[in-house]
Amino acid sequence: EHNKSAVEESLAPRNPAWWFTQIHPNFSEYLRLKHIAAGTVEDVMESAVCKDFDLSPPSAQTFALEQYVKNATSCKNVSRWCGSLEAVPVRAICSLTCGCQLGLEPPAGFYAAEHYGCPATCVQGVDVTLTRNTDLACADSPVESFYNNKWLIGYFKQVFHKLRSRPDTFEALVHTLELYPVFFGIKPDQVANLAWSFLNGTTLAGTLRGDWSLAPGIPHPTLARGCDFWLSDRIRILLQVDLCEAKGRFRSLRPICPQKCDCRRGYRECPGSCPQI
């Protein structure tokens with residue numbers, strides 16, 4: 001019979017029950033897991049530790065990451081999942097690798113927030129870092145950065161992925177556009193075209209080419225671009241989210257668009273160079 005090499009053994013899928021044989025439980029760990037099972041993500045993140053957990057030897061954290069990477073031995077093994085919508089355990093267990101503590105361009109992107117698994121202590125550190133960083137100008141990023149900055153491009157791809165994850169999004173968009181066609185500068189027969197273009201990525205793809213239309217042939221009524229476009233009332237309504245909001249539900253655009261977000265020194269996720277409250 002063929003003898004498997006050590007490499008083959010390490011790559012072989014593990015029976016989930018095997019992990020439990022490698023874990024040495026204690027009462028405090030039991031209480032912690034009980035708390036996790038009973039609370040919301042935000043509840044758990046309030047008391048979570050801002051660190052990368054040691055994944056070797058096998059532990060409860062290792063088992064939690066099994067669905068992403070088999071036999072992970074460090075947070076580097078799961079880093080590519082930091083920006084995935086579903087990867088709450090990755091951000092909770094590998095919060096430093098995912099950049100939950102970073103004020104600018106965290107690898108987790110839009111999802112670098114308590115609601116998506118970042119510990120509250122990490123996110124509090126973001127505000128301290130940004131407040132102290134007086135070198136970061138309190139000025140909106142130039143329009144070109146929205147199609148040249150790799151992190152920003154990834155951020156908006158996450159925003160639209162989140163939008164598409166809701167089963168009733170298309171119907172909601174159509175309903176909104178039918179109610180307010182004049183506000184969006186469209187005719188009734190353009191409703192479906194705008195809804196589909198926005199939802200299927202055509203609008204986002206256009207902005208990456210420097211085309212700031214709501215949809216092909218449908219310009220933004222105010223001809224907004226860059227921060228003005230993404231934070232306009234029309235886009236906010238279509239996205240069903242205000243990207244200036246900083247309440248722990250997602251990472252905001254405040255460091256990128258501090259003027260448009262009306263930032264003040266001391267506000268969450270705002271640069272320290274902004275005017276005092």
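Throughout, numbering of the chain's residues begins at 1 and tracks the sequence.
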Colleague: In terms of ring plane angle, is the pair Trp212 and Tyr147 parallel, tilted or perpendicular, where the classes change at 30° and 60°?
Modeller: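 Rings of Trp212 and Tyr147: tilted, 30 to 60°.
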Colleague: Give the minimum heavy-atom separation between Leu130 and Pro255, together with the two atoms involved.
Modeller: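 Between these two residues, the closest heavy atoms are CD1-CG, 4.1 Å.
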Colleague: Quick one: are the Cys261 and Cys270 sulfurs under 2.5 Å apart?
Modeller: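 Cysteines Cys261 and Cys270 do not qualify as a disulfide pair, their SG atoms being 2.5 Å or more apart.
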Colleague: Please check if Ile218 and Trp230 belong to a single hydrophobic cluster, counting links between Ile, Leu, Val, Met, Phe, Trp and Tyr side chain heavy atoms closer than 4.5 Å.
Modeller: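 Hydrophobic grouping puts Ile218 with Trp230.
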Colleague: Indicate if Val128 and Tyr267 have the same hydrophobic cluster label, given that clusters are the connected sets of ILVMFWY residues with side-chain heavy-atom separations under 4.5 angstrom.
Modeller: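 Cluster IDs for Val128 and Tyr267 differ.
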Colleague: With the side chain counted from C-beta on, respond yes when Thr203 and Leu214 share a heavy-atom pair under 4.5 Å apart, and no when they do not.
Modeller: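 Thr203 vs Leu214: side chains apart.
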Colleague: Look only at the side chain of Ser273 and the backbone of Leu136, and say whether a donor-acceptor pair between them is shorter than 3.5 Å.
Modeller: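 Confirmed, Ser273 side chain pairs with Leu136 backbone.
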Colleague: Judged by atom type as modelled, is there a donor-acceptor pair below 3.5 Å linking the side chain of Thr169 to the main-chain atoms of Leu163?
Modeller: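 A pair under 3.5 Å: yes.
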Colleague: Is a side-chain N or O of Ser197 found less than 3.5 angstrom from the main chain of Leu194, in a donor-acceptor match?
Modeller: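 No: the side chain of Ser197 does not pair with the backbone of Leu194.
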Colleague: So, for Ile256 and Leu152, which heavy atoms are closest and what is the spacing to 0.1 Å?
Modeller: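 It is CG2-CD1, 4.0 Å.
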Colleague: As a quick check of understanding, evaluate side chain to side chain contact (heavy atoms under 4.5 Å, CB included) for Leu243 and Val241, giving each step before the final call.
Modeller: CA-CA 6 Å; Leu243 295 175; Val241 68; 4.0 Å; yes
Colleague: So which heavy atom on Glu66 is nearest to which on Lys70, and how close?
Modeller: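 Nearest heavy atoms, Glu66 then Lys70: OE2-CA, 3.4 Å.
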Colleague: Answer yes if the ring centres of Phe198 and Phe160 are under 6.0 angstrom apart, and no otherwise.
Modeller: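 Phe198 vs Phe160: aromatic centres under 6.0 Å.
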Colleague: Using 0.5 Å steps for rounding, measure from the NZ atom of Lys247 to the CZ atom of Arg268.
Modeller: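 That separation rounds to 10.5 Å.
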Colleague: Kindly determine whether Leu253 and Cys227 satisfy side chain to side chain contact (heavy atoms under 4.5 Å, CB included), including the steps that lead there.
Modeller: CA-CA 9 Å; Leu253 282 182; Cys227 288; over 6 Å; no
Colleague: Of all the heavy-atom pairs spanning Pro119 and Arg91, show the shortest one and how long it is.
Modeller: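 Here Pro119 and Arg91 meet closest at CD-O, 4.1 Å.
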Colleague: Taking everything shown except Arg249 itself, do over 12 heavy atoms lie less than 6.0 Å from its CZ?
Modeller: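 Atom CZ in Arg249 is not crowded, with 12 or fewer foreign heavy atoms closer than 6.0 Å.
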Colleague: How far does CD1 of Ile186 sit from CG of Leu177, to the nearest 0.5 angstrom?
Modeller: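 Nearest 0.5 Å value for the CD1-CG distance: 4.5 Å.
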Colleague: Start with the C-alpha gap between Phe250 and His115, add the side-chain angles, then the distance that decides, and say whether side chain to side chain contact (heavy atoms under 4.5 Å, CB included) holds.
Modeller: CA-CA 7 Å; Phe250 53 83; His115 184 72; over 6 Å; no
Colleague: Mark yes or no for whether Arg251, through its side chain, and Tyr111, through its backbone, hold a donor-acceptor pair below 3.5 Å.
Modeller: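 No, because the side chain of Arg251 does not come within donor-acceptor range (under 3.5 Å) of the backbone of Tyr111.
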Colleague: Hydrophobic clusters here meaning ILVMFWY residues chained together by side-chain heavy-atom distances under 4.5 Å, can you tell me if Tyr155 and Leu85 are in one?
Modeller: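 Same cluster: Tyr155 reaches Leu85 through Ile, Leu, Val, Met, Phe, Trp or Tyr contacts under 4.5 Å.
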Colleague: To the nearest 0.5 Å, how far apart are CG in Leu204 and OG1 in Thr207?
Modeller: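 Reported to 0.5 Å precision, the distance equals 4.5 Å.
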Colleague: Would the distance check show the side chain of Arg265 and the main-chain N or O of Gly272 forming a donor-acceptor pair, the cut-off being under 3.5 Å?
Modeller: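 Flag set: sc Arg265 to bb Gly272 pair under 3.5 Å.
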Colleague: Considering only the SG atoms, does Cys138 lie under 2.5 Å from Cys274?
Modeller: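 The sulfur gammas are closer than 2.5 Å, so yes.
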Colleague: Step by step, would you call Asp262 with Arg264 a salt bridge (Lys or Arg N to Asp or Glu O under 4.0 Å)?
Modeller: CA-CA 7 Å; Asp262 195 26; Arg264 294 291 183 271; 3.2 Å; yes
Colleague: Are Val49 and Leu65 connected in a single hydrophobic cluster, I mean Ile/Leu/Val/Met/Phe/Trp/Tyr linked by side-chain heavy atoms less than 4.5 Å apart?
Modeller: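 The answer is no; the residues belong to distinct hydrophobic clusters.
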Colleague: If you draw a 6.0 Å radius around NZ in Lys162, do more than 12 non-hydrogen atoms from other residues or ligands fall strictly inside?
Modeller: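 Count over threshold, so yes.
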Colleague: How long is the gap from CZ on Phe184 to NE2 on His220, to the nearest 0.5 Å?
Modeller: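 Here the interatomic distance stands at 8.5 Å.
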Colleague: Crowded around Arg225 CZ? As in, over 12 foreign heavy atoms under 6.0 Å?
Modeller: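 Result for CZ/Arg225: open.
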Colleague: Are Asp228 and Val143 close enough that some pair of their side-chain heavy atoms sits under 4.5 Å apart?
Modeller: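 A side-chain contact is absent here, since even the closest heavy-atom pair is not under 4.5 Å.
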Colleague: Which class fits the ring pair Phe110 and Tyr116: parallel under 30°, tilted 30 to 60°, perpendicular over 60°?
Modeller: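 Correct class here is tilted.
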Colleague: When you measure from the side chain of Glu269 to the backbone of Ser252, do you find a donor-acceptor pair of N or O atoms at a distance under 3.5 Å?
Modeller: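 Between the backbone of Ser252 and the side chain of Glu269 there is a qualifying donor-acceptor contact (under 3.5 Å).
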Colleague: In the structure I gave you, are the side-chain heavy atoms of Cys98 and Val90 within less than 4.5 Å of one another anywhere?
Modeller: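 In short, these two side chains touch, coming nearer than 4.5 Å.
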Colleague: With the side chain counted from C-beta on, respond yes when Thr176 and Gln240 share a heavy-atom pair under 4.5 Å apart, and no when they do not.
Modeller: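 No, side chains not in contact.
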Colleague: With rounding to the nearest 0.5 Å, note down the distance linking OH in Tyr68 to CD in Glu86.
Modeller: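 The CD atom of Glu86 is 7.5 Å from OH of Tyr68, to the nearest 0.5 Å.
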Colleague: For residues Leu239 and Leu208: do they belong to one hydrophobic cluster (side chain heavy atoms under 4.5 Å, members Ile, Leu, Val, Met, Phe, Trp, Tyr)?
Modeller: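 Yes, Leu239 and Leu208 fall within the same hydrophobic cluster.
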Colleague: Is Asn133 reaching over with its side chain to a backbone N or O of Thr129, donor-acceptor style, under 3.5 angstrom?
Modeller: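 Looks like no, no N/O pair under 3.5 Å.
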Colleague: Kindly say whether Gly83 contributes a backbone atom to a donor-acceptor pair with the side chain of Gln158 at under 3.5 angstrom?
Modeller: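 Such a contact is found between Gln158 side chain and Gly83 backbone.
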Colleague: Is there a disulfide between Cys94 and Cys82 in this structure (defined here as SG atoms under 2.5 Å apart)?
Modeller: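 No disulfide here.
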Colleague: Check the pair Ile237 / Tyr180 against side chain to side chain contact (heavy atoms under 4.5 Å, CB included), numbers first and verdict last.
Modeller: CA-CA 11 Å; Ile237 291 171; Tyr180 308 107; over 6 Å; no
Colleague: Looking only at heavy atoms, which two atoms of Ala92 and Phe53 are closest? And how far apart?
Modeller: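 Shortest heavy-atom contact: O-CE1, 4.1 Å.
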Colleague: Would you say the side-chain atoms of Arg164 pair up with the backbone N or O of Leu199, donor to acceptor, closer than 3.5 Å?
Modeller: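 Present.
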Colleague: What are the two closest non-hydrogen atoms of Asn77 and Val69, and how far apart are they?
Modeller: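 Minimum heavy-atom contact is O-CG2, 3.2 Å.
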Colleague: Is any side-chain heavy atom of Leu55 closer than 4.5 Å to one of Ile93?
Modeller: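 In short, these two side chains touch, coming nearer than 4.5 Å.
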Colleague: Determine yes or no for a side-chain-to-main-chain donor-acceptor pair under 3.5 angstrom, with Gln101 supplying the side chain and Gly125 the backbone.
Modeller: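 No; judged by distance alone, with no hydrogens or angles, the pair does not exist.
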Colleague: As an exercise, state the distance from NZ of Lys260 to CG of Asp140, rounded to the nearest 0.5 Å.
Modeller: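 Reported to 0.5 Å precision, the distance equals 8.5 Å.
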Colleague: When you measure from the SG of Cys50 to the SG of Cys122, is the result less than 2.5 Å?
Modeller: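 Taking the criterion (SG atoms under 2.5 Å apart), Cys122 and Cys50 satisfy it, so yes.
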